[in-house]
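What follows is a set of notes on a single structure, which appears directly below.
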Amino acid sequence: MKLTHWILALGATGLLALGAGHGYGLLATPAEASMGETGRILYLHVPTAWVAMLAFTVAFLAAIGSLWSGKATWDLSMESGIEVGMVFSVLICIQGPIWAYPTQNYWWTWDPRLTTTAIMVVAFTGVLVMRRLIHQHERRMAATAVATIVSWVNVPVVYFSVEWWDSVHQDLSQVSSVDRVMLIPLLVSLAGTSLLGTAFFLARYRVARARYLTEEVAPELPDLPEQLELEDSP
Amino acid sequence: MKTFLALLHKDLLVGWRGRVRLVGLATYALTLLLLFSFAVGPDTMALRDHASAYLWLAIMSSSTLLLAQSFQQEVEAGAIEGLILLPVPPPALYYAKALANLLLLLFLGVVMLPVAMVLFDLALSGSLLMLLLIILLGSAGIVAPGTLYAAMTARLSSQQVVLPLLLFPLVVPPILAAVKATDLVLEGDAMGQLPAWIGLLAIFDAIYWSLSGLLFGKVLDE
């Protein structure tokens with residue numbers, strides 16, 4: 001199967017699973033006990049956050065790989081990982097306030113989970129900005145890999161922030177903390193979002209590879225002979 | 001060790017020879033402190049309450065100028081190529097540069113501290129030594145990733161934009177801890193929280209100083 005087929009297959013399966021999970025979550029499960037109907041955003045928010053952290057972690061591993069081996073594949077995977085992570089972490093920053101306002105009566109607060117998430121987004125934005133500014137391939141690869149590794153230090157801090165500090169955010173989501181009825185749509189949505197994230201990653205990788213091949217690997221075009229003839233003719 | 005000391009000597013000597021710049025930087029930092037008190041207005045209570053935040057914000061924004069300069073000089077004179085060609089391990093280069101930057105930033109912090117105490121009408125309720133230790137640890141938390149990123153961005157024309165953009169998110173945890181700890185030393189530590197914040201600072205310093213030293217070689221490779 002070609003990469004394009006994989007992207008389509010994974011994306012379609014992901015969308016189906018996401019639709020099934022959300023449909024089940026919206027229609028078949030009872031409303032959440034303390035938050036009511038609003039609590040259903042759980043089926044969206046947890047999978048999004050999971051994929052965001054997963055994507056940044058993939059980027060982190062790819063950054064180590066690219067420093068270790070110097071192969072462009074790692075570098076391109078890192079770029080794709082960061083961008084997918086960015087999309088999903090910006091989504092969590094939008095979903096969070098939508099969830100918080102009806103239940104807590106504020107859009108945003110300087111809470112450890114929210115603050116560290118915001119820091120993570122800004123840190124990786126910096127990496128992407130730097131990527132656009134360095135034009136020489138080898139230097140860009142080394143510099144952004146280093147910046148990705150250092151920025152990734154934030155990800156575990158975000159994950160454990162609810163345990164380390166007193167947080168208004170819900171505690172770590174674990175299988176045991178969710179009721180069976182809600183667990184099924186949650187896991188289905190989780191699988192769907194992960195598949196969709198993987199499809200995004202592959203699609204982004206395809207673009208990154210095409211750009212790399214045209215910019216770095218393609219041979220210089222030979223001079224056009226017509227130009228010379230034109231100059232000679234009166 | 002000998003090469004490290006020679007490099008450190010070189011970096012400090014460059015700092016000393018360019019002391020006009022350092023004086024300029026100190027003036028800039030002091031102006032920032034003044035600006036904070038102008039911006040807040042004559043509310044002594046508010047100024048005193050947020051003094052540690054203003055102090056650290058001033059240190060943080062002057063640090064990016066200091067860090068950017070430390071590598072710009074090397075690149076401008078083409079000295080960096082010479083340094084890379086020398087048979088010196090990259091970590092030695094990094095640690096010498098970082099330590100020199102730390103000393104310069106500490107100098108700025110020590111100059112700013114008495115001015116801040118006068119401007120914001122502060123009384124020291126903890127020990128001065130503890131306060132100096134916090135300034136040392138906090139500055140170390142800025143300088144370690146800062147030196148690495150300054151080296152990475154030294155050749156970019158837009159370094160002034162990119163360096164803070166990359167650096168500020170990274171130094172949020174150490175700055176947060178430093179502000180809290182400074183606050184506790186100034187205002188008194190009734191709950192005994194100080195060791196926890198200093199511990200957090202020390203952990204971040206340890207992570208950043210070791211990680212940056214390891215990665216520096218990769219950044220220099222041309």
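What you see is a predicted model, and the numbers here were worked out from it, not measured in a lab.
Nearest heavy-atom pair, K218(B) versus L67(A), reported as atom, atom and distance to 0.1 Å: NZ-O, 3.3 Å. Nearest approach of V122(A) to P169(B), heavy atoms of both residues: CG1-CG, 3.6 Å. Listed here is the closest heavy atom pair of L170(B) and S151(A): CD2-CA, 4.2 Å. In terms of heavy atoms, A147(A) sits closest to M152(B) at CB-CE, 3.9 Å.
For chain B, the nearby parts of V150(A) are the backbone and the side chain; heavy atoms of each come within less than 4.5 Å. Contacts of L214(B) with chain A are absent, with no heavy-atom separation under 4.5 Å from either backbone or side chain. For chain A, the nearby part of L156(B) is the side chain; its heavy atoms alone come within less than 4.5 Å. Using a 4.5 Å cut-off between heavy atoms, T153(B) contacts chain A through its side chain alone, with no backbone atom that close. If you measure heavy-atom distances from Y149(B) to chain A, the contacts under 4.5 Å come from the side chain alone.
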(request) Using the side-chain contact (heavy atoms from CB on, under 4.5 Å) rule, take V153(A) and L211(B) through it: C-alpha gap first, then chi angles, then the decisive distance, then the call. (result) CA-CA 10 Å; V153(A) 173; L211(B) 197 62; 4.2 Å; yes

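Between chain B and the options M130(A), H135(A), M141(A), heavy-atom pairs under 4.5 Å are most frequent for M130(A).
Around the CZ atom of R206(A), the shell of radius 6.0 Å holds no more than 12 heavy atoms that belong to other residues, nucleotides or ligands. With a 6.0 Å radius and a threshold of 12 heavy atoms from other residues, nucleotides or ligands, W209(B) has its CH2 atom above the threshold.
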